[in-house]
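A short worksheet on the structure shown next.
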There are 2 protein chains.
Amino acid sequence: MTSSDRPDKKAVPPGDMRQSGSERRPYIRDTEENRRESLVAAVQALVAEGGRQAATVRAIAARAGVTPGLIRHYFGSKEDLLRAAYVALMDGMTNKGEEALDSVGAGPAERLAAFVAAALRPPVLDPKAVGLWAGYLHQVQSDPGLLAQHESSYLHYRDRLQQLIADLDRPVADGQLRQEAIACNAVLDGLWLEGSVLPGHFAENEVIQIGLRSVGAILGITLAAFTAPAGRQHRPGEK
Amino acid sequence: MTSSDRPDKKAVPPGDMRQSGSERRPYIRDTEENRRESLVAAVQALVAEGGRQAATVRAIAARAGVTPGLIRHYFGSKEDLLRAAYVALMDGMTNKGEEALDSVGAGPAERLAAFVAAALRPPVLDPKAVGLWAGYLHQVQSDPGLLAQHESSYLHYRDRLQQLIADLDRPVADGQLRQEAIACNAVLDGLWLEGSVLPGHFAENEVIQIGLRSVGAILGITLAAFTAPAGRQHRPGEK
DNA sequence: CCGGGAATTACACGATCGGATAATTGCCTA
DNA sequence: TAGGCAATTATCCGATCGTGTAATTCCCGG
């Protein structure tokens with residue numbers, strides 16, 4: 001439907017890119033790493049915006065600035081590329097929490113609060129991120145390899161959360177930590193979902209405040225209701 | 001002349017359905033309502049299992065036991081059918097909570113607990129339901145009509161939850177109910193998500209117990225940790 | 001500065017998609 | 001019970017999908 005991609009035959013190139021005689025498109029060689037990253041980024045952008053159906057080989061190639069043949073050259077097939085893009089997504093998501101812990105003090109409650117807040121603001125809380133996650137859901141449910149990857153990432157994130165909870169100096173019963181981690185993780189997931197799908201229904205930092213208050217209530221403590229640190233945790237390499 | 005004398009039609013039927021002479025498939029007339037419901041149900045099943053990409057006109061028709069032409073006959077286009085299926089989905093989801101309240105006592109805490117538990121067990125907590133929801137996410141984000149429908153359903157559900165919270169006899173501050181409703185709704189959403197995507201990671205009724213405990217902690221009360229009522233709330237007309 | 005080979009593009013093909021239109025048939029009614 | 005018409009099916013069509021395969025071009029090592 002998109003008239004932006006080139007038809008199969010060189011019937012009439014739109015006239016904007018290549019003007020005159022049917023000359024072959026010039027190109028520059030690039031490293032394998034760069035090309036793979038470009039293609040993965042293109043897939044993530046397309047899936048986030050329009051779902052899996054929007055990630056056609058021609059659209060991916062156009063977004064990455066190459067021709068469709070490269071997809072098959074660097075990845076065995078379109079399916080392999082989608083798999084690689086999902087793995088890259090999960091790695092990036094889980095790393096965001098770790099990054100938030102680097103630039104904060106050593107107090108257990110403070111660190112937990114920073115972890116919670118990081119999950120409830122961009123770039124994690126973002127309509128694009130939810131779209132990307134949703135676009136991959138069916139593939140995760142059907143592909144055993146991706147399901148294992150998802151389980152691993154989920155448990156890793158939850159274990160990190162549980163460790164932060166355990167670092168608080170509270171008397172805990174047996175098996176209590178696990179259920180608290182599940183509950184707090186659910187709060188983060190739910191707020192992430194609602195805040196991303198329906199932005200505009202929440203005031204600035206309201207989602208973060210609710211998250212901190214709820215996690216604190218579940219754990220029986222009071223988390224610092226500190227508002228946005230405003231640009232402190234921006235790190236090179238992030239968007 | 002591409003050796004495809006039979007473009008679309010089954011050049012060689014697998015031999016299971018229609019056997020020999022090309023006789024026209026017999027059919028029975030049905031009411032408009034039944035046909036629409038069949039098509040909507042087929043769409044929901046296909047989207048839940050394989051995402052939007054699996055809901056092709058041919059697959060939908062096959063699932064509904066008709067031929068693709070009927071889709072265009074009863075709905076203007078495939079897109080219109082998908083829209084109708086989404087509206088039906090949201091209506092069904094929000095009604096599930098109301099149904100759970102019909103078969104329970106009048107105590108405010110008891111009613112809230114029933115509402116929470118209903119959201120955390122089948123048919124609401126179900127991998128298919130999450131798949132269906134995810135399959136529609138991009139359409140919701142892009143289609144203004146569907147976004148309005150989603151907002152309406154979401155707010156209706158949250159208001160119902162807030163009303164149940166308000167019915168508890170507690171001293172509440174100004175604006176507290178809204179944030180509590182958002183937080184409790186987030187807990188339900190998050191547990192619904194995790195429990196559906198990763199079944200098997202939680203023991204029987206564990207999700208419900210965590211949900212009751214978390215909602216209780218957020219509201220500062222203690223919800224009855226009652227386990228499964230085991231078949232009491234099954235209602236005629238439910239699947 | 002110039003060959004050689006890998007990187008990249010170009011092109012073609014079969015499958016399938018959503019949609020349009022014509023043909024047929026089941027069923028209500030008179 | 002026969003006629004008529006809406007319901008349903010059958011068939012075709014252009015577009016686009018993913019993927020092979022051949023042609024071309026950039027770039028590095030000598």
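Just so it is clear: chains get the letters A, B, ... in the order the sequence lines come, proteins before strands, and each one is counted from 1. Just so it is clear, the values below take in all heavy atoms, side chains as well, and ignore hydrogens, waters and symmetry mates. What you are looking at is a predicted structure, and each value in this text was computed from that prediction instead of being measured.
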TODO: Please tell me which of the listed nucleotides, D/dG20, D/dG18, C/dG19, lies nearest to the side chain of B/Arg58?
DONE: C/dG19
Open item on the list: If you count every heavy atom of other residues, nucleotides or ligands that lies below 6.0 Å from B/Lys78 atom NZ, does the total exceed 12?
Closed with: yes
Task: Separation of D/dT24 P from A/Arg29 CZ (nearest whole Å) - done: 16 Å
Task: Phosphate OP1/OP2 of C/dT8 contacted by A/Tyr74 side-chain N/O (<4.0 Å) - done: yes
Open item on the list: Reading DNA chain C from 5' onward, which residue's closest nucleotide shows up sooner: B/Ile28 or A/Arg35?
Closed with: A/Arg35
Task: Residue whose closest nucleotide on DNA chain C lies nearer the 5' end, B/Arg72 versus A/Thr67 - done: A/Thr67
- [ ] Test A/Tyr86 against every option in A/His150, A/Gln44, A/Gln149, A/Gln139 by the side-chain hydrogen bond (donor to acceptor under 3.5 Å, both in side chains) rule and name the one that passes.
- [x] A/His150
- [ ] Let me know the distance between CD of B/Glu32 and P of D/dA6, rounded to the nearest Å.
- [x] 13 Å
Task: Whole-Å gap separating P (C/dA23) and CG (B/Leu70) - done: 19 Å
Open item on the list: Expressed as a whole number of angstroms, how long is the span from B/Phe75:CZ to C/dG19:C1'?
Closed with: 16 Å
TODO: Ignoring the backbone of B/Arg25, work out which of C/dA10, D/dA10, C/dA7 is nearest its side chain.
DONE: D/dA10
Task: cation_pi(B/Arg36, B/Phe75) dist<6.0 Å, angle<=45 - done: yes
- [ ] Scan A/Ile71 against the nucleic acid and name what it touches under 4.0 Å (heavy atoms): base, sugar-phosphate only, or nothing.
- [x] nothing
Open item on the list: Any side-chain N or O of A/His73 below 4.0 angstrom from OP1/OP2 of C/dT8?
Closed with: no
- [ ] Measure from the side chain of A/Lys78, starting at C-beta and using heavy atoms only, and say which of C/dG19, D/dC27, D/dG18 lies closest.
- [x] D/dG18
Open item on the list: With a 3.5 Å cut-off and heavy atoms only, can you find an N or O donor on one side and an acceptor on the other between the side chain of B/Tyr27 and the base of D/dT9?
Closed with: no
Open item on the list: To check you understand the geometry: which heavy-atom pair defines the closest contact between A/Leu46 and A/Ala54, and what is its length?
Closed with: O-CB, 3.9 Å
Task: Flag, side chain of B/Gln141 to backbone of B/His138, donor-acceptor distance under 3.5 Å - done: no
Open item on the list: Between P on C/dC17 and CD on A/Gln53, what's the gap in Å once rounded to a whole number?
Closed with: 13 Å
Open item on the list: I need the CG-C1' distance between A/Asp30 and D/dC28, as an integer number of Å.
Closed with: 15 Å
Task: Between C/dT16 (C1') and B/Arg52 (CZ): distance, integer Å - done: 17 Å
Task: Polar side-chain contact B/Arg24-C/dA23 base: donor and acceptor under 3.5 Å - done: yes
